[in-house]
A.B. asks: 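Before anything else, here's the structure in question.
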2 protein chains.
Amino acid sequence: MEYNQKQLTIINAAEALFAEQGFVGTSVRDIAQKADVNIAMISYYFGSKEKLMEAVFQLKSEKIKLKVDSLLADDSLFPIQKVHALIDDYLARFCKHQIFHRIILREKLAENETSIGTLLMEMRLKNLEAITKLIQQGQEEGSFKASIDIPLAMLTMVGVLNQMLTSIPFYQKVHHLEHLTEDELSGHVQQVFSDHLKNLFNKILLK
Amino acid sequence: MEYNQKQLTIINAAEALFAEQGFVGTSVRDIAQKADVNIAMISYYFGSKEKLMEAVFQLKSEKIKLKVDSLLADDSLFPIQKVHALIDDYLARFCKHQIFHRIILREKLAENETSIGTLLMEMRLKNLEAITKLIQQGQEEGSFKASIDIPLAMLTMVGVLNQMLTSIPFYQKVHHLEHLTEDELSGHVQQVFSDHLKNLFNKILLK
DNA sequence: TGAATTCAAACAAACGTTTAATTTTGCCCC
DNA sequence: GGGGCAAAATTAAACGTTTGTTTGAATTCA
């Protein structure tokens with residue numbers, strides 16, 4: 001699907017507002033105002049608020065599955081290094097597309113059989129498939145444990161990352177990091193969680 | 001605060017609906033219908049939808065902080081056993097009060113300066129305080145590492161538990177557990193996550 | 001000139017809340 | 001114990017807003 005500049009403006013405005021206030025919490029008028037377009041343009045281009053949400057989701061989730069495939073084919077890295085690279089990739093993605101992942105989390109909480117919910121399950125299954133291959137490489141190579149609950153490992157990583165999203169202010173407060181700029185804080189948190197997750201996965205995966 | 005039976009009926013209906021559809025996604029009419037009371041009773045008893053939400057939150061979070069204190073005083077357990085007990089307690093709580101924890105997660109995502117958001121931060125700080133004492137016992141006793149990022153450890157546990165809440169259908173699907181009843185599934189998942197978390201925290205905490 | 005875009009205005013439906021009338025309840029005094 | 005009565009509880013209806021969407025005319029563009 002191709003979108004013109006105006007449509008992309010609307011999609012980006014919607015993404016930000018959906019992430020901040022939720023789907024039902026965001027009115028079409030809010031979106032129109034933020035995107036600086038007339039209200040009617042949203043129905044005109046997307047048909048409905050629901051369809052707009054689908055467009056947001058589809059556009060933003062398109063590019064998400066490529067990394068694992070490139071890692072799978074990379075012969076220059078040890079399996080555990082690939083996992084580390086994957087962690088950093090996920091981490092960067094979560095930080096860069098925070099708002100998008102907030103939407104996903106919101107939708108997972110809703111769990112109503114929305115059209116988004118179905119897209120979401122498909123995405124998770126594909127991700128699991130790819131990650132399974134990655135871990136199997138490590139098992140065949142001999143450095144990984146033979147018995148690993150891969151879905152559980154995946155849930156652990158995503159769970160910690162989601163928690164990071166919703167807990168940065170808390171983490172900042174308890175570690176007295178109020179003096180940092182937003183970017184410094186983000187970088188710091190990213191480093192902390194990168195180390196933490198790699199450490200965790202060494203222990204989960206390695207013999 | 002004391003509530004009569006009718007008020008409790010309303011609070012419980014609201015809790016379920018807020019968890020399922022979110023705060024904005026739930027109308028006062030929905031709540032009234034589910035609780036089988038007249039619409040006006042909600043304003044009559046609680047003043048507003050917002051105040052009703054506060055009542056839900058307050059009532060359900062009252063009993064949440066007691067466990068840690070009792071563990072702290074217990075001399076019959078090793079520090080790591082206390083942590084294990086805490087994990088099982090959290091886990092049971094998350095499973096039993098799923099819907100309530102969904103609300104909390106939703107509110108953390110919103111992060112607007114609502115009255116609930118403030119209550120939430122206070123709760124987390126209190127929990128952190130208690131858990132810090134628990135871990136310090138282990139450090140002084142010598143079995144725990146000297147350098148532990150306690151907030152990070154806490155976020156890890158809560159993150160994994162939250163992820164469990166939103167991922168049970170996914171976990172069921174990928175492990176082909178469709179033949180289990182809802183209770184069997186819940187029990188199974190609880191056991192898996194209990195083992196997983198204890199294992200994880202052994203590695204995070206112990207020397 | 002004809003199709004695509006933009007706009008202010010209007011639409012019905014749903015929202016949270018209030019009103020004013022009615023019923024139920026609890027309690028005092030005879 | 002039972003009538004009287006004020007407070008509490010409950011109701012249907014209506015309130016004014018805000019919601020998502022549509023309309024039809026105006027404008028832009030090719």
A.B. asks: Rounded to whole angstrom units, what separation is found between the CD atom of Q21(B) and the P atom of dA14(C)?
C.D. replies: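 Taking atom P of dA14(C) as the reference, CD of Q21(B) is at 15 Å.
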A.B. asks: The criterion is side-chain hydrogen bond (donor to acceptor under 3.5 Å, both in side chains); which residues satisfy it with S76(A), sequence neighbours excluded?
C.D. replies: D74(A)
A.B. asks: Give me, pair by pair, the N or O atoms of the protein and of nucleotides 9-15 of chain D that are less than 3.5 Å apart, along with how far apart they are.
C.D. replies:
unit_1  : atom_1 : unit_2 : atom_2 : d
dA9(D)  : OP2    : Y44(B) : OH     : 3.0
dT10(D) : OP1    : K6(B)  : NZ     : 3.2
dT10(D) : OP2    : Y45(B) : OH     : 3.3
dT11(D) : OP2    : N38(B) : N      : 3.3
dA12(D) : OP2    : N38(B) : ND2    : 3.3

A.B. asks: Using side-chain contact (heavy atoms from CB on, under 4.5 Å) as the criterion, list what pairs up with L8(B), not counting sequence neighbours.
C.D. replies: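 With neighbours one apart ignored, the set is Y3(B), Q5(B), L59(B).
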A.B. asks: Please report, rounded to the nearest Å, how far the P atom of dA14(C) is from the NZ atom of K49(A).
C.D. replies: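 These atoms are roughly 15 Å apart.
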A.B. asks: Filter on salt bridge (charged side-chain N to carboxylate O under 4.0 Å, His left out), then keep only pairs touching residues 193-204 of chain B, sequence neighbours left out; what's left?
C.D. replies: D88(B)-K198(B)
A.B. asks: So what is the end-to-end bend of the helix from dT1(C)-dA30(D) to dC30(C)-dG1(D), with 5 pairs used at each end and the value given to 10 degrees?
C.D. replies: 10°
A.B. asks: Scan S27(B) against the nucleic acid and name what it touches under 4.0 Å (heavy atoms): base, sugar-phosphate only, or nothing.
C.D. replies: sugar-phosphate
A.B. asks: Between side-chain atoms of residues 169-177 of chain B and protein atoms elsewhere (two or more places apart, or another chain), which donor-acceptor pairs fall under 3.5 Å?
C.D. replies:
unit_1  : atom_1 : unit_2  : atom_2 : d
Y171(B) : OH     : D149(A) : OD2    : 2.6
Y171(B) : OH     : H175(B) : NE2    : 3.4
Q172(B) : NE2    : L177(B) : O      : 3.3
H175(B) : NE2    : D149(A) : OD1    : 3.0
H175(B) : NE2    : D149(A) : OD2    : 3.4

A.B. asks: Rounding to an integer number of Å, can you tell me how far M53(B) CE sits from dT17(C) P?
C.D. replies: 13 Å
A.B. asks: Tell me, please, which residues at least two apart from H84(B) pass side-chain hydrogen bond (donor to acceptor under 3.5 Å, both in side chains).
C.D. replies: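 H84(B): side-chain hydrogen bond (donor to acceptor under 3.5 Å, both in side chains) contacts with N202(B).
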A.B. asks: Roughly, in whole Å, what's the span from CD in Q5(A) to C1' in dC29(D)?
C.D. replies: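 It works out to 18 Å between those atoms.
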A.B. asks: Write down the distance between OH (Y3(B)) and P (dA8(D)), rounded to a whole number of angstrom.
C.D. replies: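 Result: 18 Å.
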A.B. asks: What integer distance in Å separates Q7(A):CD from dA4(C):P?
C.D. replies: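 After rounding, the reported distance stands at 14 Å.
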A.B. asks: Can you list every ring-ring contact (aromatic ring centres under 6.0 Å, His included) pair that touches residues 30-50 of chain A, not counting sequence neighbours?
C.D. replies: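 Listed by first then second residue: nothing to list.
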A.B. asks: Testing F57(B), F94(B), F18(B) for ring pair (Phe, Tyr, Trp, His ring centres under 6.0 Å) with F100(B), which one passes?
C.D. replies: F57(B)
A.B. asks: Could you give all pairs that pass the side chain to side chain donor-acceptor pair (under 3.5 Å) test and reach residues 29-43 of chain B, with sequence neighbours left out?
C.D. replies: S27(B)-D30(B)
